[in-house]
Number of protein chains: 2
Amino acid sequence: MNETASLTAMFKALGDPTRLLIFDFLRSCCCPVAVYDNGDVRQIIGPTVGEVCCHVTGADQINSTISHHLKELRLAGLITVERRGKNMVCRVNREAMTTLVSYLAKDGMEVDGIQCCQ
Amino acid sequence: MNETASLTAMFKALGDPTRLLIFDFLRSCCCPVAVYDNGDVRQIIGPTVGEVCCHVTGADQINSTISHHLKELRLAGLITVERRGKNMVCRVNREAMTTLVSYLAKDGMEVDGIQCCQ
DNA sequence: GTATCATTTCTATACTTCACGAAATATAGG
DNA sequence: CCTATATTTCGTGAAGTATAGAAATGATAC
(Lines give C-alpha, C1' and ligand atoms only; values in the text may rest on other atoms or scores of the structure.)
Protein backbone atom coordinates (compact mmCIF):
# COMPACT_ATOMS: atom_id res chain seq x y z
CA MET A 1 0.00 0.00 0.00
CA ASN A 2 1.50 3.35 -1.00
CA GLU A 3 1.54 6.43 1.19
CA THR A 4 -1.52 8.09 -0.28
CA ALA A 5 -3.55 4.92 -0.01
CA SER A 6 -2.40 4.49 3.58
CA LEU A 7 -3.36 8.05 4.51
CA THR A 8 -6.71 7.71 2.77
CA ALA A 9 -7.44 4.51 4.62
CA MET A 10 -6.65 6.12 7.97
CA PHE A 11 -8.72 9.23 7.30
CA LYS A 12 -11.58 7.10 6.03
CA ALA A 13 -11.47 4.93 9.13
CA LEU A 14 -11.68 8.00 11.36
CA GLY A 15 -14.45 9.48 9.22
CA ASP A 16 -17.20 7.56 10.96
CA PRO A 17 -18.69 8.75 14.26
CA THR A 18 -18.71 5.31 15.84
CA ARG A 19 -15.12 4.63 14.92
CA LEU A 20 -13.97 8.06 16.06
CA LEU A 21 -15.64 7.37 19.39
CA ILE A 22 -13.86 4.04 19.67
CA PHE A 23 -10.58 5.64 18.71
CA ASP A 24 -11.07 8.38 21.30
CA PHE A 25 -11.86 5.80 23.95
CA LEU A 26 -8.77 3.78 23.17
CA ARG A 27 -6.62 6.87 23.40
CA SER A 28 -8.06 7.83 26.76
CA CYS A 29 -8.03 4.54 28.63
CA CYS A 30 -4.84 2.78 27.70
CA CYS A 31 -3.05 4.39 30.61
CA PRO A 32 -0.02 2.42 31.86
CA VAL A 33 -0.31 4.01 35.30
CA ALA A 34 -3.34 1.94 36.11
CA VAL A 35 -1.12 -0.96 36.95
CA TYR A 36 0.06 0.82 40.05
CA ASP A 37 -3.46 1.42 41.29
CA ASN A 38 -5.06 -2.00 41.12
CA GLY A 39 -2.38 -4.37 39.89
CA ASP A 40 -4.40 -5.29 36.86
CA VAL A 41 -1.81 -6.04 34.23
CA ARG A 42 -4.38 -5.88 31.46
CA GLN A 43 -4.75 -2.18 32.08
CA ILE A 44 -1.24 -1.66 30.78
CA ILE A 45 -2.31 -2.90 27.41
CA GLY A 46 -5.76 -1.49 26.85
CA PRO A 47 -9.43 -2.35 27.03
CA THR A 48 -10.92 -5.56 25.72
CA VAL A 49 -13.34 -5.65 22.80
CA GLY A 50 -16.12 -6.23 25.31
CA GLU A 51 -15.15 -3.12 27.23
CA VAL A 52 -15.11 -1.10 24.05
CA CYS A 53 -18.58 -2.40 23.20
CA CYS A 54 -19.77 -1.53 26.68
CA HIS A 55 -18.40 1.98 26.46
CA VAL A 56 -19.60 2.73 22.95
CA THR A 57 -23.04 1.14 22.95
CA GLY A 58 -23.78 1.45 26.66
CA ALA A 59 -25.06 -2.12 26.63
CA ASP A 60 -23.17 -4.90 28.35
CA GLN A 61 -23.08 -7.25 25.40
CA ILE A 62 -20.79 -8.04 22.52
CA ASN A 63 -21.72 -6.25 19.39
CA SER A 64 -20.80 -7.47 15.93
CA THR A 65 -20.95 -3.92 14.63
CA ILE A 66 -18.20 -2.84 17.02
CA SER A 67 -16.15 -5.84 15.97
CA HIS A 68 -16.54 -4.71 12.39
CA HIS A 69 -15.43 -1.17 13.20
CA LEU A 70 -12.45 -2.42 15.18
CA LYS A 71 -11.44 -4.46 12.15
CA GLU A 72 -11.58 -1.38 9.96
CA LEU A 73 -9.48 0.60 12.38
CA ARG A 74 -7.02 -2.28 12.54
CA LEU A 75 -6.80 -2.69 8.76
CA ALA A 76 -6.20 1.04 8.46
CA GLY A 77 -3.29 0.61 10.84
CA LEU A 78 -4.69 2.90 13.51
CA ILE A 79 -5.00 0.29 16.23
CA THR A 80 -3.72 -3.14 17.13
CA VAL A 81 -5.81 -5.97 18.55
CA GLU A 82 -4.09 -8.76 20.42
CA ARG A 83 -5.30 -11.81 22.25
CA ARG A 84 -4.76 -12.06 26.00
CA GLY A 85 -6.29 -15.26 27.27
CA LYS A 86 -10.01 -15.19 26.62
CA ASN A 87 -9.99 -11.54 25.64
CA MET A 88 -8.82 -9.41 22.78
CA VAL A 89 -7.22 -6.18 23.94
CA CYS A 90 -7.06 -3.04 21.83
CA ARG A 91 -4.42 -0.36 21.59
CA VAL A 92 -3.90 2.70 19.45
CA ASN A 93 -0.93 2.59 17.09
CA ARG A 94 1.07 5.68 17.97
CA GLU A 95 3.17 5.38 14.84
CA ALA A 96 0.13 5.73 12.62
CA MET A 97 -0.95 8.81 14.52
CA THR A 98 2.47 10.32 14.03
CA THR A 99 2.14 9.66 10.31
CA LEU A 100 -1.17 11.54 10.24
CA VAL A 101 0.12 14.49 12.23
CA SER A 102 3.23 14.72 10.07
CA TYR A 103 1.12 14.80 6.97
CA LEU A 104 -1.30 17.42 8.21
CA ALA A 105 1.28 19.59 9.93
CA LYS A 106 3.76 19.73 7.10
CA ASP A 107 4.15 23.23 5.82
CA GLY A 108 4.21 24.40 2.26
CA MET A 109 7.42 25.51 0.67
CA GLU A 110 9.09 28.63 1.90
CA VAL A 111 10.30 31.05 -0.76
CA ASP A 112 12.12 34.31 -0.15
CA GLY A 113 11.20 34.13 3.50
CA ILE A 114 7.51 34.06 2.70
CA GLN A 115 5.74 31.03 4.02
CA CYS A 116 3.51 29.48 1.39
CA CYS A 117 0.12 27.94 2.01
CA GLN A 118 -0.81 30.42 4.68
CA MET B 1 -22.40 20.87 14.39
CA ASN B 2 -20.59 19.66 17.51
CA GLU B 3 -16.88 18.99 17.70
CA THR B 4 -17.09 15.25 17.11
CA ALA B 5 -19.32 15.71 14.09
CA SER B 6 -16.98 18.35 12.74
CA LEU B 7 -13.94 16.12 13.14
CA THR B 8 -15.76 13.19 11.60
CA ALA B 9 -16.77 15.28 8.61
CA MET B 10 -13.21 16.43 8.04
CA PHE B 11 -11.72 12.95 8.34
CA LYS B 12 -14.41 11.57 6.08
CA ALA B 13 -13.75 14.22 3.47
CA LEU B 14 -10.05 13.36 3.45
CA GLY B 15 -10.83 9.65 3.33
CA ASP B 16 -11.22 9.56 -0.42
CA PRO B 17 -8.20 9.32 -2.74
CA THR B 18 -9.51 11.91 -5.17
CA ARG B 19 -10.27 14.41 -2.43
CA LEU B 20 -6.94 13.84 -0.72
CA LEU B 21 -5.25 14.53 -4.05
CA ILE B 22 -7.23 17.76 -4.43
CA PHE B 23 -6.41 18.75 -0.88
CA ASP B 24 -2.73 18.05 -1.44
CA PHE B 25 -2.77 20.10 -4.61
CA LEU B 26 -4.42 23.05 -2.91
CA ARG B 27 -1.85 22.95 -0.15
CA SER B 28 1.03 22.92 -2.61
CA CYS B 29 0.01 25.60 -5.07
CA CYS B 30 -1.53 28.41 -3.07
CA CYS B 31 1.80 30.13 -2.80
CA PRO B 32 1.62 33.91 -2.32
CA VAL B 33 5.05 34.37 -3.87
CA ALA B 34 3.72 33.69 -7.32
CA VAL B 35 2.42 37.22 -7.55
CA TYR B 36 5.96 38.53 -7.83
CA ASP B 37 6.78 36.28 -10.77
CA ASN B 38 3.98 37.00 -13.20
CA GLY B 39 1.80 39.61 -11.56
CA ASP B 40 -1.20 37.33 -11.64
CA VAL B 41 -3.17 38.35 -8.60
CA ARG B 42 -5.23 35.19 -8.76
CA GLN B 43 -2.13 33.26 -7.80
CA ILE B 44 -2.23 34.83 -4.37
CA ILE B 45 -5.50 33.17 -3.70
CA GLY B 46 -5.26 29.72 -5.18
CA PRO B 47 -6.16 27.69 -8.26
CA THR B 48 -9.50 27.83 -9.99
CA VAL B 49 -11.87 24.87 -10.11
CA GLY B 50 -10.82 24.33 -13.71
CA GLU B 51 -7.17 24.18 -12.74
CA VAL B 52 -7.95 21.68 -10.03
CA CYS B 53 -9.83 19.56 -12.55
CA CYS B 54 -6.91 19.82 -14.98
CA HIS B 55 -4.42 18.77 -12.34
CA VAL B 56 -6.45 15.95 -10.88
CA THR B 57 -7.92 14.39 -14.00
CA GLY B 58 -5.20 15.33 -16.43
CA ALA B 59 -7.88 16.33 -18.92
CA ASP B 60 -8.48 19.95 -19.81
CA GLN B 61 -12.18 19.96 -19.12
CA ILE B 62 -14.47 20.74 -16.25
CA ASN B 63 -15.50 17.68 -14.37
CA SER B 64 -18.70 17.50 -12.35
CA THR B 65 -17.15 14.84 -10.15
CA ILE B 66 -14.41 17.24 -9.08
CA SER B 67 -17.02 19.88 -8.38
CA HIS B 68 -18.78 17.39 -6.16
CA HIS B 69 -15.59 16.59 -4.26
CA LEU B 70 -14.79 20.28 -3.82
CA LYS B 71 -18.24 20.74 -2.34
CA GLU B 72 -17.62 17.95 0.15
CA LEU B 73 -14.30 19.45 1.17
CA ARG B 74 -15.97 22.83 1.51
CA LEU B 75 -18.88 21.52 3.59
CA ALA B 76 -16.40 19.76 5.85
CA GLY B 77 -14.72 23.12 6.37
CA LEU B 78 -11.38 22.04 4.93
CA ILE B 79 -11.34 24.50 2.04
CA THR B 80 -13.01 27.69 0.93
CA VAL B 81 -14.24 28.42 -2.57
CA GLU B 82 -14.72 32.02 -3.62
CA ARG B 83 -15.70 33.68 -6.84
CA ARG B 84 -13.18 35.88 -8.62
CA GLY B 85 -14.72 37.17 -11.81
CA LYS B 86 -15.58 34.24 -14.05
CA ASN B 87 -13.69 31.79 -11.89
CA MET B 88 -14.07 30.13 -8.54
CA VAL B 89 -10.80 29.98 -6.66
CA CYS B 90 -10.02 27.41 -4.00
CA ARG B 91 -8.00 27.68 -0.82
CA VAL B 92 -7.26 25.39 2.08
CA ASN B 93 -8.67 26.45 5.43
CA ARG B 94 -5.67 26.55 7.71
CA GLU B 95 -7.84 26.81 10.79
CA ALA B 96 -9.48 23.47 10.05
CA MET B 97 -6.12 21.86 9.60
CA THR B 98 -5.01 23.20 12.94
CA THR B 99 -8.11 21.68 14.49
CA LEU B 100 -7.22 18.29 13.03
CA VAL B 101 -3.61 18.44 14.14
CA SER B 102 -4.61 19.53 17.63
CA TYR B 103 -6.97 16.62 17.90
CA LEU B 104 -4.50 14.02 16.67
CA ALA B 105 -1.50 15.41 18.47
CA LYS B 106 -3.10 15.85 21.84
CA ASP B 107 -1.49 13.59 24.37
CA GLY B 108 -3.16 11.42 26.89
CA MET B 109 -3.19 12.46 30.50
CA GLU B 110 0.08 12.48 32.32
CA VAL B 111 0.06 10.90 35.76
CA ASP B 112 3.00 10.73 38.14
CA GLY B 113 5.32 11.69 35.36
CA ILE B 114 4.31 8.71 33.27
CA GLN B 115 2.87 9.63 29.91
CA CYS B 116 -0.31 7.71 29.19
CA CYS B 117 -1.39 6.38 25.81
CA GLN B 118 2.09 5.41 24.75
C1' DG C 1 -14.15 -34.12 26.43
C1' DT C 2 -17.92 -30.72 27.55
C1' DA C 3 -19.47 -26.39 28.90
C1' DT C 4 -18.77 -21.62 28.81
C1' DC C 5 -17.12 -17.19 27.65
C1' DA C 6 -15.37 -13.82 24.20
C1' DT C 7 -15.19 -12.56 19.73
C1' DT C 8 -15.56 -13.01 14.77
C1' DT C 9 -17.75 -14.31 10.48
C1' DC C 10 -21.88 -14.87 7.73
C1' DT C 11 -25.99 -13.14 5.76
C1' DA C 12 -29.48 -9.87 4.78
C1' DT C 13 -31.17 -5.17 4.51
C1' DA C 14 -31.22 -0.31 4.36
C1' DC C 15 -28.59 3.36 3.24
C1' DT C 16 -24.77 6.26 1.32
C1' DT C 17 -21.36 7.43 -2.02
C1' DC C 18 -18.86 7.66 -6.59
C1' DA C 19 -18.77 8.64 -11.22
C1' DC C 20 -20.59 10.16 -15.48
C1' DG C 21 -23.39 12.83 -18.80
C1' DA C 22 -27.03 16.18 -19.46
C1' DA C 23 -29.14 20.20 -18.08
C1' DA C 24 -29.15 24.39 -15.39
C1' DT C 25 -27.00 28.53 -13.36
C1' DA C 26 -23.94 32.52 -13.02
C1' DT C 27 -20.75 35.88 -14.75
C1' DA C 28 -18.32 38.59 -18.36
C1' DG C 29 -17.99 40.71 -22.81
C1' DG C 30 -19.86 42.49 -27.01
C1' DC D 1 -29.98 40.99 -24.95
C1' DC D 2 -27.06 37.28 -26.84
C1' DT D 3 -23.15 34.41 -26.60
C1' DA D 4 -19.25 32.23 -24.52
C1' DT D 5 -17.08 30.60 -20.46
C1' DA D 6 -16.99 28.54 -15.90
C1' DT D 7 -19.07 25.89 -12.64
C1' DT D 8 -22.85 23.56 -10.24
C1' DT D 9 -26.91 20.70 -9.93
C1' DC D 10 -29.66 16.75 -11.28
C1' DG D 11 -30.60 11.96 -12.49
C1' DT D 12 -29.01 7.39 -12.72
C1' DG D 13 -26.68 3.07 -11.97
C1' DA D 14 -22.97 0.65 -9.84
C1' DA D 15 -20.45 0.01 -5.83
C1' DG D 16 -19.54 0.47 -1.12
C1' DT D 17 -20.93 0.77 4.02
C1' DA D 18 -23.50 0.41 8.57
C1' DT D 19 -26.16 -2.33 11.33
C1' DA D 20 -28.14 -6.35 13.47
C1' DG D 21 -29.11 -11.28 14.38
C1' DA D 22 -27.55 -15.99 13.84
C1' DA D 23 -24.04 -19.18 13.39
C1' DA D 24 -19.23 -20.33 13.83
C1' DT D 25 -14.60 -20.04 15.89
C1' DG D 26 -11.07 -19.89 19.47
C1' DA D 27 -9.61 -20.14 24.27
C1' DT D 28 -10.23 -21.37 29.06
C1' DA D 29 -12.09 -24.05 33.01
C1' DC D 30 -13.97 -28.04 34.93
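Chain letters run A, B, ... following the sequence lines, proteins first, then strands; residues in each count from 1.
At a threshold of 4.0 angstrom between heavy atoms, the contacts of A/His68 include nucleobase atoms, whether or not backbone atoms are also involved. If you check every strand for non-hydrogen atoms under 4.0 Å, B/Arg74 touches nothing.
Remark: A/Ser67 is in phosphate contact with C/dT8, judged by side-chain N or O atoms under 4.0 Å from OP1 or OP2. Of the side-chain N and O atoms in B/Lys71, none sit less than 4.0 angstrom from OP1 or OP2 of D/dT7. Listed pair A/Thr18 / D/dT19 meets the phosphate criterion, a side-chain N or O lying under 4.0 Å from OP1 or OP2. Proximity of B/Asn87 to the phosphate of D/dT7: a side-chain N or O atom is located under 4.0 Å from OP1 or OP2. A/Arg19 has a side-chain polar atom (N or O) that falls below the 4.0 Å cut-off from OP1 or OP2 of D/dA18. The side chain of B/His69 places no N or O atom within less than 4.0 Å of a non-bridging phosphate oxygen (OP1 or OP2) of C/dT17.
Side chain of B/Lys86, nearest nucleotide from D/dT8, D/dG21, C/dT27: C/dT27.
Atom-to-atom, CG of B/Leu73 to P of C/dT17 comes out at 14 Å; the value is rounded to the nearest Å. Rounded to whole Å, the distance from CZ on B/Arg84 to P on D/dA6 is 17 Å. Whole-Å rounding puts the B/Lys12 NZ to C/dC18 C1' distance at 13 Å. The nearest whole Å value for the distance from the CE atom in B/Met88 to the P atom in D/dA6 is 14 Å. Between A/Asp16 atom CG and C/dT16 atom P there is a gap of 13 Å when expressed in whole angstrom units. Straight-line distance from the CD1 atom of B/Ile22 to the P atom of C/dC18: 11 Å, rounded to whole Å. Spacing between atom CZ of B/Arg83 and atom P of D/dT7 amounts to 8 Å, rounded to whole angstrom units. The nearest whole Å value for the distance from the CG atom in B/Asn63 to the P atom in C/dG21 is 9 Å.
For B/Asn63 (side chain) and B/Cys53 (main-chain N/O), no donor-acceptor pair under 3.5 Å exists by modelled atom type.
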#### Entry: Steps toward side chain to side chain contact (heavy atoms under 4.5 Å, CB included) verdict (B/Ile79, B/Asn93)
CA-CA 5 Å; B/Ile79 69 170; B/Asn93 179 4; 5.7 Å; no
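Between A/Glu72 and B/Val81, it is B/Val81 whose nearest contact on DNA chain D lies nearer the 5' terminus.
Here the CZ-CG distance, from B/Arg19 to B/Asp24, works out to 14.5 Å after rounding to the nearest 0.5 Å.
The aromatic rings of A/Phe11 and B/Phe11 lie parallel to each other, their planes meeting at an angle below 30°, with 60° marking the opposite boundary. The aromatic rings of B/His55 and B/Phe25 sit parallel to each other, their planes meeting at less than 30°, with 60° as the upper class boundary.
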